[in-house]
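Below is one structure, written out as structure tokens; comments come after it.
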2 protein chains.
Amino acid sequence: MEREQLLKLDNQLCFAVYALSREITKIYRPHLEELGLTYTQYVTLLALWEEDDITVKELGARLYLDSGTLTPLLKRLEQMGLIRRVRDVKDERNVLIQLTEQGKALKERAYEIPEKVFCHLGLDPQEISQWRKQLTQLTHTIQQFKSEE
Amino acid sequence: MEREQLLKLDNQLCFAVYALSREITKIYRPHLEELGLTYTQYVTLLALWEEDDITVKELGARLYLDSGTLTPLLKRLEQMGLIRRVRDVKDERNVLIQLTEQGKALKERAYEIPEKVFCHLGLDPQEISQWRKQLTQLTHTIQQFKSEE
DNA sequence: TAAGATTAAATTGTGCACAATTTGTTTATG
DNA sequence: CATAAACAAATTGTGCACAATTTAATCTTA
């Protein structure tokens, strides 16, 4: 790429992803508000609805977040009555995250979220699926790159 | 999509973009640290290196950020001596953002950032370019959708 | 031209996001 | 066994990100 083009904002993949991520979050926000959740709380619950009773560490690996972000977030979800934080008796370094009945029940109300969000955006589901796969692949590539350093 | 698949984390485009955005930022961080910049400060300067002497409003439209985020960020850049914040004498509601000589000079050192970041990632520049265009298009689609509501 | 509407920044308050450090537990090793 | 190394969460501190509100300037229009 030409030197002159190298620093143009619209030529940065990083900015395209960064801007899109925030715009997508803004689309979710009003719908999530009805469930009383922030966006990060929502994806945390998505992970837990798939696999329950896992450690903060495992949850962090799934979401690419560390304990600095997760600990206060999980305390909020606990205060809302959606999860429990339990020290693992077998290894007291670990804290297990368990959905409460209320937390499990919220899943039923959450099904409408992805439906509502993409309902009127006029996007081809197949195309979206392809992008998703490619972006996930790129995330993994970066992850691998980091661990090689 | 099957109801059972609807809430799976790995089926969410939103999560793919959200995770990728944060992973990309983590790649930039150590390189930007050498320039003493955060990621958002960096993209703000990218915008200003393209077009200087613009209002906070215009800068916000370019970056999809509002004054709540920009005002404190711009104050920090001002303290670093990279920009000036000047009330527009023609319309005192506006604040014009102007690069200082030091801010303009930093551009020379910034050229190495995109080079370093993608140097060893083994990504095809053409492919990246295509993704960037598609992601930007999707951001615009969402923007348009929001303004129609 | 005065009152209300509109606009741009700034402010306030909440919640991430993450680096760096601390605390407490477990494992490895001399 | 003791002690160092490794490990998982929690804590601390900085900087976004954004909704909601406030402040101050400008525009509209009756």
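So that the names make sense, note that chain A is the first sequence line, chain B the second, and so on, each numbered from 1. Worth saying up front: this structure is predicted, and the values here are computed from it rather than measured.
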Using atom [atom1] of [X] as one end and atom [atom2] of [N] as the other, report the distance to the nearest whole Å.
{"X": "Glu33(B)", "N": "dA19(C)", "atom1": "CD", "atom2": "C1'", "value": "8 Å"}
{"X": "Leu32(A)", "N": "dC16(C)", "atom1": "CG", "atom2": "P", "value": "12 Å"}
{"X": "Glu23(A)", "N": "dA17(D)", "atom1": "CD", "atom2": "C1'", "value": "12 Å"}
{"X": "Arg22(A)", "N": "dG15(D)", "atom1": "CZ", "atom2": "P", "value": "18 Å"}
{"X": "Tyr28(A)", "N": "dA17(D)", "atom1": "OH", "atom2": "P", "value": "20 Å"}
{"X": "Leu20(A)", "N": "dA17(D)", "atom1": "CG", "atom2": "P", "value": "15 Å"}

Check: residues 98-108 of chain B side-chain donor-acceptor pairs under 3.5 Å, at least two apart:
residue, atom, partner, partner atom, Å
Gln98(B), NE2, Asp53(B), OD1, 3.0
Thr100(B), OG1, Gly81(B), O, 2.6
Thr100(B), OG1, Leu82(B), O, 3.1
Thr100(B), OG1, Gln102(B), N, 3.4
Thr100(B), OG1, Gly103(B), N, 3.0
Glu108(B), OE1, Arg3(A), NH2, 2.7

Scan nucleotides 24-28 of chain D against the protein and return all N/O pairs shorter than 3.5 Å with their distances rounded to 0.1 Å.
residue, atom, partner, partner atom, Å
dT26(D), OP1, Glu92(B), N, 3.1

Please tabulate, one pair per line, all N/O donor-acceptor pairs under 3.5 Å involving side-chain atoms of residues 63-70 of chain A, not counting sequence neighbours.
residue, atom, partner, partner atom, Å
Asp66(A), OD1, Gly68(A), N, 3.1
Asp66(A), OD1, Thr69(A), N, 3.2

Margin query: Suppose we screen for side-chain hydrogen bond (donor to acceptor under 3.5 Å, both in side chains). Which residues come up paired with Asp91(A), at least two apart in sequence or across chains?
Written below: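 Scan of Asp91(A) (side-chain hydrogen bond (donor to acceptor under 3.5 Å, both in side chains), adjacent residues dropped) gives Arg93(A).
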Contacts of [X] that satisfy salt bridge (Lys or Arg N to Asp or Glu O under 4.0 Å) - sequence neighbours left out:
{"X": "Asp10(B)", "value": "Arg62(A)"}
{"X": "Glu51(B)", "value": "none"}
{"X": "Glu58(B)", "value": "none"}
{"X": "Glu34(B)", "value": "Lys116(B)"}

Next item on the list: Could you list the residues that satisfy ring pair (Phe, Tyr, Trp, His ring centres under 6.0 Å) with Phe15(A), not counting sequence neighbours?
Entry: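 So Phe15(A) forms no ring pair (Phe, Tyr, Trp, His ring centres under 6.0 Å) with any residue.
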Checklist line | Any pair counted as salt bridge (Lys or Arg N to Asp or Glu O under 4.0 Å), so long as it reaches residues 72-86 of chain A, sequence neighbours left out | finding: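 Sorted result for residues 72-86 of chain A: Glu78(A)-Arg85(A).
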Margin query: Angle between ring planes, Tyr42(A) versus Tyr28(A), binned at 30° and 60°: parallel, tilted or perpendicular?
Written below: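 Rings of Tyr42(A) and Tyr28(A): tilted, 30 to 60°.
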Margin query: Please tell me if Asn94(A) has a side-chain N or O lying less than 4.0 Å from either OP1 or OP2 of dT25(C).
Written below: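 False: Asn94(A) side-chain N/O out of range (4.0 Å or more) of dT25(C) OP1/OP2.
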Item checked: Thr55(A) vs dA9(D): side-chain N/O to OP1/OP2 distance below 4.0 Å ->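 Answer is yes, contact under 4.0 Å.
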Item checked: Closest non-hydrogen atom pair, Leu7(B) against Glu50(A) ->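 Taking Leu7(B) first and Glu50(A) second, the nearest heavy atoms are O-OE2, 4.5 Å.
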Notebook entry, point to check: In residues 57-81 of chain B, what residues come within less than 4.0 Å of DNA chain C, judged by heavy atoms?
Noted result: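 Here the set is Lys57(B), Ser67(B), Gly68(B), Thr71(B), Lys75(B).
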Item checked: Residues from residues 37-47 of chain A lying under 4.0 Å of DNA chain C - heavy atoms ->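 Contacting residues: Thr38(A), Thr40(A), Gln41(A).
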